[in-house]
Amino acid sequence: MKSTRGERLSGEFQKEISSVISTKLRNKEPGLSAIISVTEADVAPDLKSAKIYISIFDTDAERCKNSFEIIKQNAGFIRYELSKVMHIRTVPELRFHLDESMEYGAKIDKILNNLDTEKNDE
C-alpha cells in the first residue's frame with residue numbers, strides 16, 4: 001500500500017509529466033498525436049523508478065504507435081525537464097507504458113450495446 005507521500009508524489013508526477021509532454025516535448029517533436037494524456041504515475045517508494053501510463057487518442061493507429069515511441073525515446077528529456085520543476089533530490093527513471101484501458105472499455109461498451117439491440121430486435 002502506498003503512503004500518503006507516495007500518492008502525493010505520484011499525483012504531482014502525473015501532472016508535471018503531462019505538462020512537459022503537452023508543451024516542451026510537443027514543441028520539440030511536432031509529430032506527436034493531438035491528444036495524449038498521462039493516466040497514472042506509479043512512483044517507487046525509493047524514488048528510483050516510476051511507471052508512467054500514457055493514453056493516446058488518434059484515428060491513425062500508426063501515428064499513435066509513433067507518438068508512443070517518441071515519448072519513450074524522450075524519457076531522458078522529460079526527466080531533465082522534471083528535475084527543473086520538481087524540488088526533490090532524485091527524479092526517478094521514467095518507464096512509459098501504453099494504457100489501453102480506454103480502448104478496452106469502448107470495446108466492451110460496443111459489445112454490450114450490440115447485445116442490447118439484439119435483445120430489443122427479438
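Values below: every heavy atom of this structure, side chains too, minus hydrogens, waters and symmetry copies.
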For Y80, is the OH atom crowded, meaning more than 12 foreign heavy atoms sit under 6.0 Å from it?
no
Are more than 12 heavy atoms from other residues, nucleotides or ligands located less than 6.0 Å from atom NZ of K28?
yes
Contact check, side chains of [X] and [Y], non-hydrogen atoms, under 4.5 Å:
{"X": "I52", "Y": "I78", "result": "no"}
{"X": "I36", "Y": "D58", "result": "no"}
{"X": "V85", "Y": "V20", "result": "no"}
{"X": "I54", "Y": "I71", "result": "yes"}
{"X": "N74", "Y": "E29", "result": "yes"}
{"X": "K48", "Y": "E93", "result": "no"}

Kindly compute the distance separating [atom1] ([X]) from [atom2] ([Y]), expressed to the nearest 0.5 Å.
{"X": "H97", "Y": "D42", "atom1": "NE2", "atom2": "CG", "answer": "9.0 Å"}
{"X": "E69", "Y": "C64", "atom1": "CD", "atom2": "SG", "answer": "10.5 Å"}
{"X": "D99", "Y": "I56", "atom1": "CG", "atom2": "CD1", "answer": "10.5 Å"}
{"X": "E62", "Y": "S67", "atom1": "CD", "atom2": "OG", "answer": "10.0 Å"}
{"X": "E12", "Y": "E7", "atom1": "CD", "atom2": "CD", "answer": "13.5 Å"}
{"X": "S18", "Y": "E16", "atom1": "OG", "atom2": "CD", "answer": "9.5 Å"}

Quick check: closest heavy atoms across [X] and [Y], and the distance to 0.1 Å?
{"X": "S19", "Y": "T23", "value": "O-OG1, 2.7 Å"}
{"X": "K72", "Y": "F96", "value": "CG-CB, 4.1 Å"}
{"X": "R63", "Y": "G31", "value": "NE-O, 4.2 Å"}

When you group the ILVMFWY residues by side-chain heavy-atom contacts below 4.5 Å and let the links chain together, are Y53 and V38 in the same group?
no
Any donor-acceptor pair under 3.5 Å linking the side chain of R79 with the backbone of L94?
no
Please step through side-chain contact (heavy atoms from CB on, under 4.5 Å) for the pair S37 and T39, ending with a clear verdict.
CA-CA 6 Å; S37 62; T39 56; 4.1 Å; yes
Going by the rule salt bridge (charged side-chain N to carboxylate O under 4.0 Å, His left out), which residues pair with K24 if we only count those two or more places apart in sequence or in a different chain?
E81
Under the side-chain contact (heavy atoms from CB on, under 4.5 Å) criterion, do F13 and I88 qualify, and how do the steps go?
CA-CA 11 Å; F13 273 102; I88 56 176; 3.7 Å; yes
With side-chain contact (heavy atoms from CB on, under 4.5 Å) as the test, would you mind laying out the steps for L32 and I70 before giving the verdict?
CA-CA 8 Å; L32 287 174; I70 289 171; 3.7 Å; yes
Test log, rule side-chain contact (heavy atoms from CB on, under 4.5 Å), inputs L82 and I17:
CA-CA 7 Å; L82 281 177; I17 289 171; 3.6 Å; yes
